[in-house]
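All residue numbers in this chain count up from 1 along the given sequence.
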Amino acid sequence: MSTAADTKTTAAEAEAVRADGARTAAPAPEPAPVREAAPERDPAPVEETAPVEETAPVGETAPVGETAPVPEPAPSAAAPDPARAPAGPAALRALARWLRAAALRSAAILALLAVWEAAPRLGLVDSTFLPPVSEVAAAWWELAGNGQLAEHTRASLVRSFGGFGIAVVVAVPLGLLIGWYRPVAVLLGPLLEVFRNTAALALLPVFVLLLGIGETSKVSIVVYACVWPILLNTISAVGNADPTLVRLARSMDLSTPRLFQKVILPASVPAIFTGIRLAGAVSILVLVAAEMIGAKAGLGYLINASQFNFAIPEMYAGIVTISAIGVAFNQLLVSVERRLSLWRVPA
């Protein structure tokens, strides 16, 4: 019994040994080829996010009613910048406006000159007593060329401006004094009424008799004629000063000089210059009449001598010169008035 069992065991072991040998002799299977790894790709760029607006600190609130500023649109190539636009059309428009205004202001004078030129040539008036304006212009140019016009004009301006200046220096302070102090106005009022109604040319013989026919009488008659417009307008200007402003200045304890400087004088400037402009015109007109008596130079003498010599174009040339001087002098006074009245609000 034991022998048979041992035989079976020996056979089983032999079979197991053969199986192990077969496994050892069989070739090992080849490993599968390893795939190459794909090259690493760069990571996609992360999109930048809009910057986060800073919030107001805790406890502070944004101001009510304010909105975020709207960004200005970029300038378009089709729309030109007005600042860079050519200035030619604007300059032409300004020149056209100036020419139109100048033509409007000078239309009446041009019409007068046209009538003056046409009337003698058409036989409407006698050209002997009213020559055409072209002949007057030729005579004026001749007088200017030989120096006579400059000599006579210089003599007249010295007399006229001298008397006018003296009248301004005397009449303005006296008018302020009479207008401000009532006792002085009561004392001098009747005397002023007497002389203001006496024409300056009516007193010309008196000035000639008392002062002679020299320069003194001519300058004195100009002073007398110029004093009254300036004096009367100054008195009226001081009397018509705004009483509210005067009371307000007194309530601020302003002294009398400061009251005159800050209230009375500024309020009186327009009326005072009205009188000064009237006096400027009177100074030339009265002087021409004074120069016709006992003068050897001046525009009045030129007019009178031309009349006696029957040089009618020269006579009209002197008259035109006097008119031009009067217009220029008035414009000068208007410019000075505007300079001294910058505080006034334009209407």
Side-chain angles (χ1 to χ4, degrees), residues 102 105-106 108-110 112-114 116-117 120 127-169 200-201 204 207-208 211-226 229 276-337 339:
R105 287 194 299 267
S106 58
I109 297 178
L110 295 177
L112 174 62
L113 295 178
W116 187 358
E117 178 69 23
S127 60
T128 304
F129 303 106
L130 184 63
V133 68
S134 57
E135 296 184 9
V136 175
W140 186 92
W141 186 257
E142 183 180 356
L143 290 174
N146 57 28
Q148 294 185 32
L149 185 63
E151 178 184 357
H152 294 304
T153 302
R154 187 183 306 109
S156 294
L157 291 181
V158 170
R159 295 164 183 161
S160 178
F161 288 171
F164 173 79
I166 295 174
V168 171
V169 172
L201 293 179
L204 180 59
F207 280 93
V208 172
L211 303 175
I213 59 174
E215 298 296 320
T216 305
S217 62
K218 296 175 179 59
V219 175
S220 298
I221 193 66
V222 171
V223 172
Y224 178 84
C226 293
I276 290 175
R277 291 170 59 186
L278 292 174
V282 169
S283 66
I284 297 175
L285 299 178
V286 173
L287 177 64
V288 171
E291 287 177 342
M292 293 181 178
I293 301 175
K296 296 181 179 180
L299 293 174
Y301 168 78
L302 173 64
I303 295 172
N304 198 32
S306 300
Q307 178 190 6
F308 281 120
N309 295 328
F310 213 73
I312 305 302
E314 285 79 2
M315 182 188 72
Y316 281 103
I319 296 173
V320 170
T321 304
I322 292 174
S323 301
I325 292 175
V327 172
F329 192 32
N330 182 71
Q331 291 299 319
L332 176 62
L333 293 177
V334 169
S335 300
V336 175
E337 179 184 0
R339 183 72 175 178

Over all atoms of both residues, closest heavy-atom pair of [X] and [Y]:
{"X": "Val136", "Y": "Pro131", "result": "CG2-CG, 4.0 Å"}
{"X": "Ser160", "Y": "Ile284", "result": "OG-CG1, 3.7 Å"}
{"X": "Tyr301", "Y": "His152", "result": "CD2-CE1, 3.7 Å"}
{"X": "Ala155", "Y": "Gly298", "result": "CB-N, 4.1 Å"}
{"X": "Phe129", "Y": "Ile312", "result": "O-CG2, 3.7 Å"}
{"X": "Ala225", "Y": "Val282", "result": "CB-CG1, 3.5 Å"}

- Message: Is the ring pair Phe164/Phe329 parallel, tilted or perpendicular, if the boundaries are 30 and 60 degrees?
- Response: perpendicular
To the nearest 0.5 Å, what is the distance between [atom1] ([X]) and [atom2] ([Y])?
{"X": "Asn330", "Y": "Ile276", "atom1": "CG", "atom2": "CD1", "result": "12.0 Å"}
{"X": "Ser156", "Y": "Leu302", "atom1": "OG", "atom2": "CG", "result": "8.5 Å"}
{"X": "Leu287", "Y": "Ile221", "atom1": "CG", "atom2": "CD1", "result": "10.5 Å"}
{"X": "Asn304", "Y": "Asn309", "atom1": "CG", "atom2": "CG", "result": "9.5 Å"}
{"X": "Thr153", "Y": "Gln148", "atom1": "OG1", "atom2": "CD", "result": "11.0 Å"}
{"X": "Leu112", "Y": "Glu117", "atom1": "CG", "atom2": "CD", "result": "12.0 Å"}

- Check ion pair Lys218-Glu291 (N to O, under 4.0 angstrom): no
- So, Ser306 side chain and Ile303 main chain: donor-acceptor pair closer than 3.5 Å or not? no
- Item | Any donor-acceptor pair under 3.5 Å from Ser127 side chain to Pro120 backbone | no
- Message: side-chain contact (heavy atoms from CB on, under 4.5 Å), that's the test. Do Tyr316 and Val133 meet it? Break it down for me.
- Response: CA-CA 9 Å; Tyr316 281 103; Val133 68; over 6 Å; no
- Item | Glu142, CD atom: more than 12 neighbouring heavy atoms under 6.0 Å | no
- Item | Atom CD1 of Ile213 with >12 non-hydrogen neighbours under 6.0 angstrom | no
- Going by heavy atoms in the side chains, are Leu143 and Glu314 under 4.5 Å from each other? yes
